[in-house]
Amino acid sequence: MAQFWKPGTEKPRLLEDEDGGVVFLSSSFSSSSSGYGFASIEKQRQRLPVYKYRTAILYLVESHATTIVVGETGSGKTTQIPQFLKEAGWADGGRVIACTQPRRLAVQAVASRVAEEMGVKLGEEVGYTIRFEDVSNSDLTRIKFLTDGVLLREMMDDPLLTKYSVIMVDEAHERSISTDILLGLLKKIQKRRPELRLVISSATIEAKSMSNFFLSSKRRRALEGDELLRPSLEPAILSVEGRGFNVQIHYVEDPVKDYVQAIVSTVLLIHDKEPPGDILVFLTGQDDIDAAIKLLTEEARGNGKTSSGLIILPLYSGLTRAEQDLVFSPTPKGKRKVVISTNIAETSLTLEGIVYVIDSGFSKQRFYNPITDIENLVVAPISKASAKQRAGRAGRIRPGKCYRLYSEEYYLNEMSVQGIPEIQRSNLVSCVIQLKALGIDNILGFDWPASPSPESMIRALEVLYSLGVIDDDAKLTSPVGFQVAEIPQEPMVAKMIISSNELGCLDEIITIASVLSVQSIWFSIRGAQKELDEAKLRFAAAEGDHVTFLNIYKGFLQSGKSSKWCHKNFINYHAMKKVMEIREQLKRIALRLGIVLKSCEADMQLVRKAIAAGFFANACRLEAYSHGGMYKTIRGSQEVYIHPSSVLFRVNPKCVIYHSLVSTDRQYMRNVISIEPSWLTEVAPHFYQQQRHNPNIH
DNA sequence: GAGCACTGC
């Protein structure tokens, strides 16, 4: 059993502020109440911690180009600041206040809350825009919530975002790729539009570096000049307290060898010794979660006293909606809920009723190797910022406790302060083309909040060049480059779509692109693997997985888009509905780009050629004398295998193209289609011509 | 015969 150190002097406050750079404004700025109706809602608003900073916030936004608001959970900053700004006149004269979020669900929730507080109909004065859903009105909407990805897309039509007077970037500390790109671009826009105001909402840990980012060296010089009429270019930092309760932290004395076992022991310890309250456990992935549940169920059963009253539930994104909803159902009296979760509960989902958190100290994180061009998912230690976020989940309803399965010494001395920003862990192909489309040609010189490695940027430029999307001067080509940038898909998929025009198979290709962009269209039930495989066989096409998707789509349409039909065939109905939405979007965009919606009927050779035109770099050749179905990539001689979930598994055609690689003990190709090697020089002569004499091709 | 942290356009 894990031994926890119970410090004699337990920490009075969980969220220790360890960077001294944050300015805390005193409440002398407190505002008087605004003469506003809806008494009860107005009272609720006034009770939010952010309310007493109303005047301070308005003053800072007025006088500073950028205001950084450090606010803990429950401060009310997201719902209140846009309203303060509106009340102060920032939306007068047809201007709009924007507030971005990293996630769609948050956009919808916050927008409807604010519309309710203001007593207006959602979609009119208060609106929102997310992919597939625009609940806003260009004449009426004054406060608009949107995902940061949508705002980036808006910049393609209006690079200076002229209709917005204030842009609030919420959850900036999460440092997603789109937030980072957005921050870099907003900084540029500010130089052209001094009247634009930015509000960056961030966690404590990031505030200082965010402030330094918006105060570049050029600006420091400007500050010394004569800039009286302009707002101060030095960002203001305002800290707003949250409404979380204290969380006591417990550490283990010695490093934990087996964290699944340690979790089980700790759950039973809490259940035995601590007062009622639900437990949230952070683990890395589905495998660990299933193992922990199995072990916990066994040990609880064999331990009479503690076995009663535990409701043990898994939580990860792969679960169906119904399974996920179980964790939100209220815990019956006398019971204790134990939710064993991935990182999904760290930011994306909030559980009420959690009093105890057990933190394994690990999560799965994506890493990208620009040399091999492979993205890997690996279990890695979390950062202090994550650890604090996880612990905070225990203090939402009353004071709670957090059990960290690592030592305090490790936390203090070895854990990194914050995680590596996503942009430094990812393939940058989509990101680079987006910047190019916005006229940023000097990618290497772009002022990022955190610079990606030059190797990753160069690799992205190489891929875009090979696709014919950028030219020798690294400028977007016309029309292909601009078309690819318009299509909201990875550039290789976008190129496949554009190539389908002259091949006359857009109809089929957008179906394939749509299926490839959802997680999985298969409905997997544990223990029903055989049935799933049989269902797959009913649709399997000799050409490969992409053509199999076409068969499934056809069947789905013939069934009248029936959910029953999906169920019978082990197909995920919700995924199919998403496929339909994406397909409609792609169809609309393709038609706008002048691509003709044509079907090639049964001629699958055209479909395969279109796939090759986008994914030629992923072509592989079967190794003639290998018995294990070993392939090598034609370009890099990398050893790869067909994934067992593919319809071409064990079929092993001579030459294939894959859509993506997953790396475990081997590199597995997922979603594979067979091609003729001669097509490669046909669709990508520039890429393969130097290798004309390479025996691998002929 | 194997495996899918989490978002987003």
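Letters A, B, ... mirror the listed sequences (proteins, then strands); counts begin at 1.
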Review point. Hey, does A/R366 reach any base, or is it just sugar-phosphate, or nothing, if we go heavy atoms under 4.0 Å?
Key: base
Exercise for review: Could you tell me whether A/L597 atom CG has more than 12 heavy atoms of other residues or ligands within 6.0 Å of it?
Suggested key: yes
Practice item. Under 4.0 Å between any heavy atoms, over every strand shown, what does A/T147 touch: base, sugar-phosphate, or nothing? Just pick one. Key: sugar-phosphate
Exercise for review: With sequence neighbours excluded, tell me which residues meet side chain to side chain contact (heavy atoms under 4.5 Å, CB included) with A/R670.
Suggested key: A/H643, A/S660, A/V662
Practice item. Remember a base hit wins even if backbone is also touched, and classify A/S176 as base, sugar-phosphate or nothing at under 4.0 Å, heavy atoms. Key: nothing
Practice item. Enter syn or anti for the glycosidic conformation of B/dC6, syn applying to angles within 90° of 0. Key: anti
Exercise for review: Give the minimum heavy-atom separation between A/Y410 and A/P381, together with the two atoms involved.
Suggested key: OH-CB, 3.4 Å
Practice item. Kindly say whether the aromatic ring centers of A/Y259 and A/F362 come within a distance under 6.0 Å. Key: yes
Check your understanding: Checking all strands, does A/S178 fall into the base, sugar-phosphate, or nothing category for heavy-atom contacts under 4.0 angstrom?
Key -> nothing
Review point. With sugar-phosphate meaning primed atoms plus P, OP1 and OP2, does A/I130 contact a base, only sugar-phosphate, or nothing at under 4.0 Å between heavy atoms?
Key: sugar-phosphate
Review point. If you look at every strand shown and take non-hydrogen atoms under 4.0 Å, does A/F649 touch a base, only sugar-phosphate, or nothing?
Key: sugar-phosphate
Review point. Between A/R666 and A/Y641, is NZ or CZ placed under 6.0 angstrom from the six-membered ring centre and within 45° of the ring axis?
Key: yes
Exercise for review: With heavy atoms under 4.0 Å as the rule, sort A/D665 into base, sugar-phosphate or nothing.
Suggested key: sugar-phosphate
Point to revise | Nucleotides bounding contact with chain A, strand DNA chain B, heavy-atom threshold 4.0 Å | key: B/dG1 to B/dC9
Check your understanding: Hey, does A/S430 reach any base, or is it just sugar-phosphate, or nothing, if we go heavy atoms under 4.0 Å?
Key -> nothing
Exercise for review: Give A/R103 one of three labels, base, sugar-phosphate or nothing, depending on what nucleic acid heavy atoms sit under 4.0 Å from its own.
Suggested key: sugar-phosphate
Exercise for review: Could you tell me whether A/I344 contacts a base, only the sugar-phosphate backbone, or nothing, with contacts defined as non-hydrogen atoms closer than 4.0 Å?
Suggested key: sugar-phosphate
Practice item. Show your reasoning for whether salt bridge (Lys or Arg N to Asp or Glu O under 4.0 Å) applies to A/R396 and A/E352. Key: CA-CA 7 Å; A/R396 291 185 66 84; A/E352 296 304 329; 3.6 Å; yes
Check your understanding: So is A/K384 actually on top of A/Y411's ring, under 6.0 Å and inside 45° of the axis?
Key -> yes
